[in-house]
Amino acid sequence: MSRVFNKILAFFNLESGSFVRAIMQPMRFDIFTLFPEVFQPYLQTSILERAQQKGLIEVHLHNIRDYTTDKHHITDDEPYGGGGGMVMKPEPIFAAVESVLGSPPACPVVLLTPQGRTFNYRIAQEYAQLPALALICGRYEGIDERVREHLVTDELSIGDYVLSGGELPALVVLDAVSRFLPGVLGDPDGATDDSYALGLLEYPHYTRPAEFRGWQVPQVLLSGDHGRIARWRREQALLRTWQRRPDLLEKATLSGEDQAFLERLRSAQENPFQGDNDEV
Ligand code: ADE
């Protein structure tokens, strides 16, 4: 309900007023990491900085090391059973999360790990409906299994490769989720227009100059004919998706006109000389 209201306010471009800040609940992110300093530069830049200033998101960084109780502030230890690498100890992670979010934690707790389900725009959109989200960034070789079993509610991977830690993945999740919150993007429909949100890749973009090194901007974009421009963009999105990510077309919502366009693409591929003959 409040999200709908936010959307209305964002539509009328009212989100920058203090009135709006006073009545809108920001989405809260709690990030648990051994390296909080790596987040600051990104959080102080562009869209995420503005989202915080407008009171649309709140980001709280927590250093797991601050929750150790030993003299040397140790957060990792050797694995039981031997083997290489170090494992993140459970106590400081539980202490950090529970002292900030309660026990059990008051919001979903996501562990960033290559073993998680693969993050995508649908998960981002789903998380954007929540009032709060906690992200735990793993490091070292791994994290004590009891954290997964008894603290974490979801595990996310940002792709089939291994990074040095969960910090970059946490930023990816934070950024992608924030883009779905009303008012975060200047255009209220911004995130729904993005690639993937429509189930298609985006059409190509151009800006001034109309000619650069002899390369022209497509004439249709200069025509001022909004109907033709919309049609051209839709067809370019379909063409691009068909060329690069045909798997997305299976799930996309397509009109009769879209289907007909794709049919023409397919038959042009199967009969490459057909079009030439037609024109003769
Ligand atoms: N930590 C290390 N690699 C990761 C990945 N690919 N996704 C999420 N967390 C990670």
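All ligand and atom numbering here is 1-based and tracks the order in the structure.
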Distance, nearest 0.5 Å, that separates CG of Leu111 from CD1 of Ile136: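 These two atoms lie 6.0 Å from each other.
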Within the 4.0 Å heavy-atom shell around [X], which atoms of ligand 1 are there?
X: Leu156; value: 8 (C)
X: Pro169; value: 7 (N), 8 (C), 9 (N), 10 (C)
X: Gly165; value: 1 (N), 2 (C)

Distance to 0.1 Å, residue and atom name: give those for the protein heavy atom nearest to [atom].
atom: atom 10 (C) of ligand 1; answer: Pro114 CD, 3.6 Å
atom: atom 3 (N) of ligand 1; answer: Leu163 N, 2.9 Å
atom: atom 9 (N) of ligand 1; answer: Thr113 N, 3.1 Å
atom: atom 7 (N) of ligand 1; answer: Ile158 N, 3.0 Å
atom: atom 6 (N) of ligand 1; answer: Tyr161 O, 2.8 Å

Short N or O distance, Gly159 and ligand 1, threshold 3.5 Å exclusive: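 Yes; at least one N/O pair falls below 3.5 Å.
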Just distance, no hydrogens or angles: give the donor-acceptor pairs under 3.5 Å from side chains in residues 83-90, sequence neighbours left out.
none

Exercise: identify the closest heavy-atom pair between Gly214 and Glu211: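 Minimum heavy-atom separation between Gly214 and Glu211: CA-OE2, 3.3 Å.
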For residues 34-49, which side-chain donor-acceptor pairs fall under 3.5 Å, sequence neighbours excluded?
residue: Gln40; atom: OE1; partner: Gln44; partner atom: NE2; Å: 3.2
residue: Tyr42; atom: OH; partner: Asp175; partner atom: OD2; Å: 2.5
residue: Thr45; atom: OG1; partner: Pro41; partner atom: O; Å: 2.5

Close approach of Leu168 to ligand 1, heavy atoms, under 4.0 angstrom: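 In this structure, Leu168 fails to qualify as a contact of ligand 1 - no heavy atom is under 4.0 Å.
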Heavy-atom gap Gly138 to ligand 1 smaller than 4.0 Å: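 Judged by the 4.0 Å heavy-atom criterion, Gly138 does not count as contacting ligand 1.
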Distance-only polar pair, side chains of Glu155 and Thr113, donor-acceptor under 3.5 Å: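 No, no side-chain donor-acceptor pair sits under 3.5 Å.
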Ring geometry between Phe32 and His62 (parallel below 30°, tilted from 30 to 60°, perpendicular above 60°):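 Rings of His62 and Phe32: parallel, as their planes differ by under 30°.
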Arg146, CZ atom: more than 12 neighbouring heavy atoms under 6.0 Å: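 Check fails, neighbour count at 12 or below.
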Greater than 12 external heavy atoms within 6.0 Å of Arg208's CZ: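 At most 12 heavy atoms, drawn from other residues, nucleotides or ligands, come within 6.0 Å of this atom.
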